[in-house]
Every structure is written in structure tokens, then in C-alpha cells.
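Written out below as C-alpha cells is the structure these notes cover.
Position 1 is the first residue of the sequence; numbering continues from there. Nothing here was measured: the structure is a model prediction, and the numbers come from that model. Whatever order the structure lists them in is the order used to number ligands and atoms, beginning at 1.
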Amino acid sequence: MKNLTNKKILFVICGGVSAYKSLETIRLFKKNNAEIKTILTKSAKEFVTPLSITSLSQGKVYDDLFSVENETEMDHIALSRWADVIIVAPITANTIYKLSQGSSEDLASTVILASNKQVFLAPAMNVRMWEHQSTKDNLKTLKNYGYKLIGPVIGDMACGEYGEGKMSDPLDIFNEINNFLSVQIKNKKIKALVTAGPTNEYIDPVRFITNKSSGKQGYEIAKSLSKRGFDTTLISGPTNLNIDENINLIRVETAEEMFKATQKNLPTDIAIFSAAVADFKIDKKNKDKIKKRENLTINLEKNVDILNYVSNHNFMRPKLVIGFAAETNNLDKNASSKLANKNCDWIIANDISKKDSGFNSDYNEVTIHYKDPQNKKEKLSFKKKSEISEEIVDRIVTQIN
Ligand code: PMT
């Protein structure tokens with residue numbers, strides 16, 4: 001794709017010698033019909049002027065948090081919602097630090113903190129600053145948040161030194177964003193359904209059987225899908241989590257409700273089952289609250305297997321069906337048999353024997369088992385669930401496109 005008509009790009013320019021390269025980057029986007037707004041940090045104004053940017057971009061330049069808040073047509077939230085993508089180029093070591101701390105001390109950091117869009121960062125700094133452990137740690141945090149890096153590259157620097165830390169060329173930045181936007185446009189027509197969270201199976205009106213799923217993994221997958229442009233529906237069991245307004249969120253409580261919501265949302269192109277659906281429900285739920293007694297026997301019966309139903313549907317089977325397998329032992333063996341028995345294209349095996357990953361943690365460690373014998377299984381090592389989701393969705397995008 002090179003025609004970026006209707007695509008809205010928010011440029012953030014930080015203070016650094018390579019700020020001048022942003023003018024060329026903006027020119028490339030403008031030449032391809034993108035709509036552009038720009039935020040200049042205070043120090044960026046030492047290197048480029050609002051006037052030069054407005055003349056090139058024909059779009060508004062913002063530099064002050066308070067003047068934006070006073071504007072009726074666009075506050076800082078509206079500005080972050082307006083964009084299809086945010087590019088911070090150049091980003092300095094200082095702004096990398098500020099973003100890693102969740103700072104909102106100026107307009108640039110506030111808009112980025114409030115954003116639900118993909119943020120790209122094109123760093124530019126001296127090689128020693130780039131190699132410093134603190135910069136590496138801060139960038140690791142930003143990668144965990146789902147920000148994507150473009151460059152930097154190796155070369156001669158304005159300070160006279162040589163090494164890694166030079167901002168990528170405008171054309172490389174343009175091409176990377178252009179690829180991202182073209183995949184996003186293609187994905188807009190692709191429907192993705194995700195199940196997440198636990199289910200509650202009621203014994204009586206106030207008591208139920210449930211499990212420790214927080215929904216975090218499924219919500220992160222839905223977020224990553226939506227950021228790449230997929231038309232995303234999230235069917236969620238009871239959780240405390242919120243999700244972006246551009247995701248179609250359906251809240252349910254029981255496995256039966258999750259099943260009905262899933263049926264209603266077929267057909268879909270991609271289905272990902274990360275929910276920890278209770279395998280059993282109470283065969284006869286008591287209408288009234290059960291009184292205290294010495295013993296209570298409850299009979300359980302099998303719940304419908306939602307994944308099985310979808311993956312074996314005779315005319316509405318999605319093109320890509322992905323199940324999860326939460327296992328405490330024999331991870332590989334159990335995951336492989338679930339892959340076959342549940343007729344999935346992929347099973348994502350989740351080792352839940354470790355305390356700091358899996359259920360109700362911000363971290364996970366998984367292995368993807370593919371049905372296609374050409375693909376070997378792939379381990380995604382211990383990291384934030386947001387990063388695991390990005391890696392899963394990278395693979396979905398490759399498969400679908
Ligand atoms: O929610 P978090 O706290 O972030 O934790 C994430 C997670 C550990 C719950 C998640 O990563 C995970 O592993 N989900 C699957 C949990 C599970 O119940 O696995 P299972 O092996 O019992 O089920 C296998 C597959 O069948 C799953 O895709 C499940 O969604 C699906 N299933 C199971 C039973 C059922 N009645 N219907 C289903 O669709």
C-alpha cells in the first residue's frame with residue numbers, strides 16, 4: 001500500500017539533532033496522502049520549528065498540554081483516539097525513560113499514555129547512551145507495553161562518534177509504518193473471536209464453582225488483534241478488566257452463556273479459546289439458597305465444550321481455530337492430544353505448574369503446537385502476557401495474510 005488516504009498519523013518529535021529527519025519522514029507520508037498532526041516536545045522546538053512542520057504536513061502542530069485541553073474540538077484524549085498510529089521520531093533517552101515510568105508531564109507523554117493505538121519508537125542518541133543498561137531496561141519495559149521499535153542503526157553520529165544509536169532513515173520508517181497500515185487495512189475485513197476468563201457454575205443463587213483465571217491473557221490477545229485492525233469480539237467470563245471501546249465485548253457468567261454468545265458470533269474467521277471454561281456444571285442448580293447442613297452432595301454434569309463445537313462445525317468452522325491447554329504435568333503429550341482431539345489448528349500449551357506464570361499472573365510461558373506438520377512447535381519464553389499476545393498475533397497475521 002502506498003496510498004494512505006484516510007490514514008491518520010500522529011507524529012511526536014523529541015529534541016535531538018535527528019529531529020530534522022522527521023521533516024523528510026513527514027514529507028513522505030504527506031506525499032502518500034496521509035493526514036498528519038504533530039506534537040513537538042519543548043526541546044524539539046530547539047531543532048525544528050512549528051512553521052516548517054505545518055508547511056510540510058498541512059496539519060496542526062501541538063506543543064502545549066494546556067492549550068490542547070482548552071481546545072474544544074480536540075483534547076489530549078481525542079488526539080490519541082484520532083490517530084491510526086503514533087510515531088515518536090526521534091525518541092530520546094529521556095523520553096524513553098519518561099514513557100517507561102508512565103509519565104504524563106507534557107503533551108507528548110500524556111497522549112502516548114492515553115493511547116490505545118500502536119506506538120512506534122525511532123530512537124536516536126549517542127552510542128554510549130544507547131548501550132547504557134538503564135536505556136536497555138527502560139526499552140524492555142516499553143516493549144512489554146507493546147511499543148514497537150524502528151532502529152536505531154549503526155553509523156556516524158552528529159557528536160563525532162560511531163556506533164549504534166543513529167535514527168533509521170525516513171524511508172525505512174515510512175516503509176515499516178506503511179506495512180503495518182496495509183496489514184491493518186486488510187485485517188479490517190477479518191473477524192476474530194476470543195474467549196477469556198473463568199466461568200461461574202452456580203450451586204444456588206449465591207454460590208458457585210469457578211477457577212483462578214483472571215482473563216488477562218485473553219484480553220491481551222484481543223487488544224493485540226484489535227491494534228492490528230482485526231474486527232475483534234471478546235467473550236469474557238467474570239473479570240475485573242476493561243477493554244478498548246473498539247473491541248466488541250460480551251460479558252457472560254456461565255459456560256452455557258459463553259457457548260450461546262459464541263454461537264451468536266459465528267461465523268468468524270479466527271477463533272481463539274483462552275477461557276478457562278468449567279468442564280462441569282451443577283446438574284440441578286438449587287432455586288433457593290441452600291441452608292447450612294452437616295453434609296452436602298452436589299452432582300456435576302459435563303458442560304458443552306465450546307472449542308469442540310466450533311472446531312467441528314460443518315459449515316461455520318473458522319479458517320483458524322486456536323485452543324489453549326492449561327496443564328500441570330505432561331504438558332507436551334497432553335497438548336498434542338488436545339490438538340488432535342479438539343480438531344484445532346494450533347494449541348497453545350500453558351504450563352500452569354509454575355507460580356509466577358499462567359493463571360492470574362501478568363506473565364506467561366507457552367508453547368505453540370501446530371497441526372501443520374511443516375511447522376515445528378515453538379516456545380514463547382517467560383514474558384509479560386502482553387508480549388506473548390503480540391507474538392501470537394504476529395504468527396496469526398503471517399498465517400492469515
Ligand atoms: O486468564 P488468565 O489468568 O490470564 O490465565 C490464562 C489461562 C492460563 C487461563 C490461559 O492461558 C489458558 O491456558 N486457558 C485455557 C484454560 C483451560 O481451561 O484449558 P483446558 O485445557 O481445560 O481446555 C482446553 C481448551 O478447550 C481451552 O482452549 C478452553 O478454552 C477450551 N474449552 C474447555 C472446556 C469447555 N467446556 N469449553 C472450551 O471451549
If I apply the N/O under 3.5 Å rule, does [X] come out as touching ligand 1?
| X | answer |
| --- | --- |
| A275 | yes |
| L307 | yes |
| G218 | no |
| E327 | no |
| T195 | no |
| S361 | no |
| G323 | no |

key: Atoms of ligand 1, numbered as shown, that sit under 4.0 Å from any heavy atom of D279   =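 Reading through ligand 1 atom by atom, the close ones are 34 (C).
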
Protein contact of [atom] - nearest heavy atom, named by residue and atom, plus distance:
| atom | value |
| --- | --- |
| atom 22 (O) of ligand 1 | K338 NZ, 4.3 Å |
| atom 7 (C) of ligand 1 | N350 OD1, 4.0 Å |
| atom 6 (C) of ligand 1 | Q217 CB, 3.8 Å |
| atom 15 (C) of ligand 1 | F324 CB, 3.4 Å |

request  = Answer yes or no for S274: is there a heavy-atom contact with ligand 1 below 4.0 Å?
outcome  =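 Contact check S274 vs ligand 1: positive.
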
query = Is the closest heavy atom of V304 to ligand 1 under 4.0 Å?
reply =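 It does; at least one heavy atom falls under 4.0 Å.
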
key: Nearest heavy-atom neighbours spanning Y363 and D356   =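 Where Y363 meets D356 most closely, the heavy atoms are CB-O, 3.6 Å.
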
inquiry  = Tell me whether the NZ or CZ atom of K148 lies within the 45° cone about the ring axis of F120 and under 6.0 Å from its centre.
reply    =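 No, a cation-pi geometry is absent between K148 and F120.
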
task = Please confirm whether K37 makes a cation-pi placement over W82, using NZ or CZ under 6.0 Å from the six-membered ring centre and within 45° of the ring normal.
result =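 The answer is yes; both the distance and angle limits are met.
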
ask   = Quick one: are the ring centres of F324 and F273 less than 6.0 Å apart?
value =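 F324 vs F273: aromatic centres not under 6.0 Å.
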
inquiry  = Please classify the I306 to ligand 1 contact at 4.0 Å (heavy-atom distances, strictly less than): side chain, backbone, both or neither.
reply    =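 Both backbone and side chain of I306 come within 4.0 Å of ligand 1.
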
